[in-house]
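The analysis underlying the following values was restricted to heavy atoms, covering all of them including side chains, and did not include hydrogens, waters or symmetry mates.
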Amino acid sequence: MLGEVNLYSRIYLAYGYTDLRFGIDGLARVIQDHFELNPFQKGTLFLFCGRRTDRIKGLLWEGDGFLLVYKRLEAGRFKWPRTASEAREITPEQFAWLMQGLAVEQKNRIQEVS
């Protein structure tokens, strides 16, 4: 379910560290107070990662309530950006990279030859 990118109209990553002990209300408060975004945007997925990068939480407003998703990897770690404490919107392609264990910010892109 979490990896199905076509379910979301927008996807935000909460860069840096988030206390994953927060539940729905705590994460919604972080979205509103810290990132100054609206957690009640239907179809918008907000992703959070704690200090251990083998688990993430996602918060999604479905119009009639919140959905809280939690994913823990059995092997490996998410390549989570730690450089800033902000929420950044990512593309569906970047979300797919994250779910595949890749970094959302790729350093180099292969240029097409015309």
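- When hydrophobic clusters are built by joining Ile, Leu, Val, Met, Phe, Trp and Tyr residues whose side-chain heavy atoms come closer than 4.5 Å, directly or via intermediates, Leu60 is not grouped with Leu68.
- A donor-acceptor pair is defined here as one N or O able to donate and one able to accept, closer than 3.5 Å; no such pair exists between the side chain of Gln100 and the backbone of Trp97.
- The heavy-atom pair separating Gln32 from Pro39 by the smallest distance is CG-CD, 3.3 Å.
- Residues Leu37 and Phe46 form a side-chain contact, since some pair of their non-hydrogen atoms from C-beta on lies under 4.5 Å apart.
- By the 6.0 Å contact criterion, CZ on Arg77 is enclosed, its count of non-hydrogen atoms from other residues, nucleotides or ligands being greater than 12.
- Taking the ring centroids of Phe48 and Tyr17, they lie at or beyond the 6.0 Å cut-off.
- Interatomic distance, Leu59 CG to Leu47 CG, rounded to the nearest 0.5 Å: 9.5 Å.
- Summarising the geometry of Arg55 relative to Cys49, their closest heavy-atom pair is O-SG, 3.6 Å, with the distance given to 0.1 Å.
- Ring geometry, Tyr8 versus Phe95: the interplanar angle exceeds 60°, so the pair is classed perpendicular (tilted spans 30 to 60°).
- A heavy-atom distance below 4.5 Å is not found between the side chains of Phe78 and Val104.
- Of all the heavy atoms in Trp80 and Ala14, the pair that sits closest is NE1-O, 3.1 Å.
- With hydrophobic clusters built from ILVMFWY side chains whose heavy atoms lie under 4.5 angstrom apart, Leu27 does not share a cluster with Leu45.
- Within the 3.5 Å criterion, the main-chain N or O of Leu20 finds a donor-acceptor partner in the side chain of Lys57.
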